[in-house]
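Mind looking over this structure? Questions follow.
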2 protein chains.
Amino acid sequence: MSISSRFSVGIHILSLIELNKNTVNTSESIAESVNTNAAVIRKIMGMLKKADLITVQPGVAGIQFARDYAEITLLDVYNAVHVVKDNELFSVHSNPNPNCIVGQTIQGSVEHYFHRAQRAMEDELKTMTIKDVIDDMRRDVQS
Amino acid sequence: MSISSRFSVGIHILSLIELNKNTVNTSESIAESVNTNAAVIRKIMGMLKKADLITVQPGVAGIQFARDYAEITLLDVYNAVHVVKDNELFSVHSNPNPNCIVGQTIQGSVEHYFHRAQRAMEDELKTMTIKDVIDDMRRDVQS
DNA sequence: AATACATGTAACTAATTAAATTACAAGTTG
DNA sequence: CAACTTGTAATTTAATTAGTTACATGTATT
């Protein structure tokens, strides 16, 4: 299993706003950069918009940051694109046998540890910003 | 997306060894407790065995811990059952356009942050042991 | 107001993956 | 050797994700 690439595509879109700011980004041009279908981009753009990370206007080409991209964390993006449901990074088998000590208690017990692990990952995402990513890209680019 | 329930089933199996130690656990009896097919249990048992967490003998009923269960971390189990490939918790879209700054650099840039987040989660799993889970179960059981 | 081009979104298809099932080989014990 | 076990491969089923198509809606320009 793997967390959906919607997350990396979301980061891609946001990076383009800054690194391609001399031209107007349309869902079509972004799709070319990402190498996917424009409708996929529009769907993800819609999620980023709904999360108030970007502003987009129906019918008008272009995207803008809704706030300083140094203040947009990877956790913000991760939440925006709904790649992992709240506290459901790990799944627990359903309907274990309630007549067994383990079957009766495993869901409640394991849930607690799974949530902690998920939170650790999400807390780490919170320390990273789109600016960090963009800075890396500027450094890494082969011109 | 969600991480496979093989992980929680693995924890279930290990917990049964201790909490059901008065009887012999067969793949069949474990399957009843987990509420799945015995072949699924055998497959996971095979993984736990390969990771040296348990000992099982072909043809002979029963499982034993290969080491003290206070020394078995949830990370050990997680690695044993291969629910997430090394550094592939997050997937990155493939074949971004190399003629674009972002397309050219995103994989390398984002990879670094994704690995950090994954490591944070795995480091947290390392702090939790099967004993912790079993203690919770003993506390929570409704007798 | 008509044309061209953009976003927004729903419905459908294809591809991938996970889980369950079936079947049987091989090991062990009495 | 009979009964029962683990080990494992092959198959089916179910669920999920990504990609595609189509079209409604919004905007701007002439």
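First the proteins, then the strands, lettered A, B, ... as listed; each starts at 1.
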Open item on the list: Measuring only between side-chain heavy atoms, which start at C-beta, is V56(A) closer than 4.5 Å to I63(A)?
Closed with: yes

- [ ] Would you mind reading off the distance between M45(B) atom CE and dT5(D) atom P, rounded to a whole angstrom?
- [x] 12 Å

- [ ] Return the value, rounded to whole Å, for the distance between atom NZ of K43(A) and atom P of dG8(C).
- [x] 14 Å

Open item on the list: Considering every strand and a 4.0 Å limit on heavy-atom distances, what is the contact class for K50(A): base, sugar-phosphate, or nothing?
Closed with: nothing

Open item on the list: Is any side-chain heavy atom of I130(A) closer than 4.5 Å to one of E18(A)?
Closed with: no

- [ ] Please list residues of residues 78-101 of chain A whose heavy atoms come under 4.0 Å from any atom in DNA chain D, ordered by number; otherwise none.
- [x] none

Task: Between CZ on residue F7(B) and CD1 on residue I44(B), distance to nearest 0.5 Å - done: 12.0 Å

TODO: Would you mind reading off the distance between K49(A) atom NZ and dA6(C) atom C1', rounded to a whole angstrom?
DONE: 12 Å

- [ ] Measure from the side chain of N37(B), starting at C-beta and using heavy atoms only, and say which of dT21(C), dT8(D), dG19(D) lies closest.
- [x] dT21(C)

Task: side chain to side chain contact (heavy atoms under 4.5 Å, CB included) evaluation trace for I101(A) with N20(B) - done: CA-CA 8 Å; I101(A) 299 186; N20(B) 214 11; over 6 Å; no

Task: Nearest listed nucleotide, side chain of A61(B), among dT5(D), dG7(D), dA18(D) - done: dT5(D)

TODO: Just call it for V60(A): base, sugar-phosphate, or nothing, with non-hydrogen atoms closer than 4.0 Å on any strand.
DONE: sugar-phosphate

Open item on the list: Please list, in numerical order, the residues of residues 5-36 of chain A that have a heavy atom closer than 4.0 Å to any atom of DNA chain D.
Closed with: S5(A), R6(A), T36(A)

- [ ] Could you tell me whether A39(A) contacts a base, only the sugar-phosphate backbone, or nothing, with contacts defined as non-hydrogen atoms closer than 4.0 Å?
- [x] base

Open item on the list: As an exercise, state the distance from CG of N25(A) to CD1 of I30(A), rounded to the nearest 0.5 Å.
Closed with: 5.0 Å

Task: Rounded distance in Å - CE (M47(B)) to P (dT8(D)) - done: 11 Å

TODO: Could you please spell out the steps behind the side chain to side chain contact (heavy atoms under 4.5 Å, CB included) verdict for L89(B) and E122(B)?
DONE: CA-CA 11 Å; L89(B) 173 60; E122(B) 293 172 354; over 6 Å; no

Task: Rounded distance (Å) that lies between atom P of dT20(D) and atom CZ of R42(A) - done: 13 Å

Open item on the list: Output the rounded distance in Å from CD1 (I44(A)) to P (dT20(D)).
Closed with: 13 Å

Task: Heavy-atom check, side chain of L48(A) versus side chain of V81(A), under 4.5 Å - done: yes

TODO: Give V56(B) one of three labels, base, sugar-phosphate or nothing, depending on what nucleic acid heavy atoms sit under 4.0 Å from its own.
DONE: sugar-phosphate

- [ ] Take V133(A) and M128(A) through the test side chain to side chain contact (heavy atoms under 4.5 Å, CB included) and record every step on the way to the result.
- [x] CA-CA 8 Å; V133(A) 174; M128(A) 310 161 177; over 6 Å; no

Task: Whole-Å gap separating P (dT29(C)) and CD (Q57(B)) - done: 6 Å

Open item on the list: Taking E88(A)'s backbone N and O only, do any of them form a donor-acceptor pair with S2(B)'s side chain (distance below 3.5 Å, no angle check)?
Closed with: yes

- [ ] Name the residue closer to the 5' end of DNA chain D, choosing between S2(A) and G59(A) according to the nucleotide with the nearest heavy atom.
- [x] S2(A)

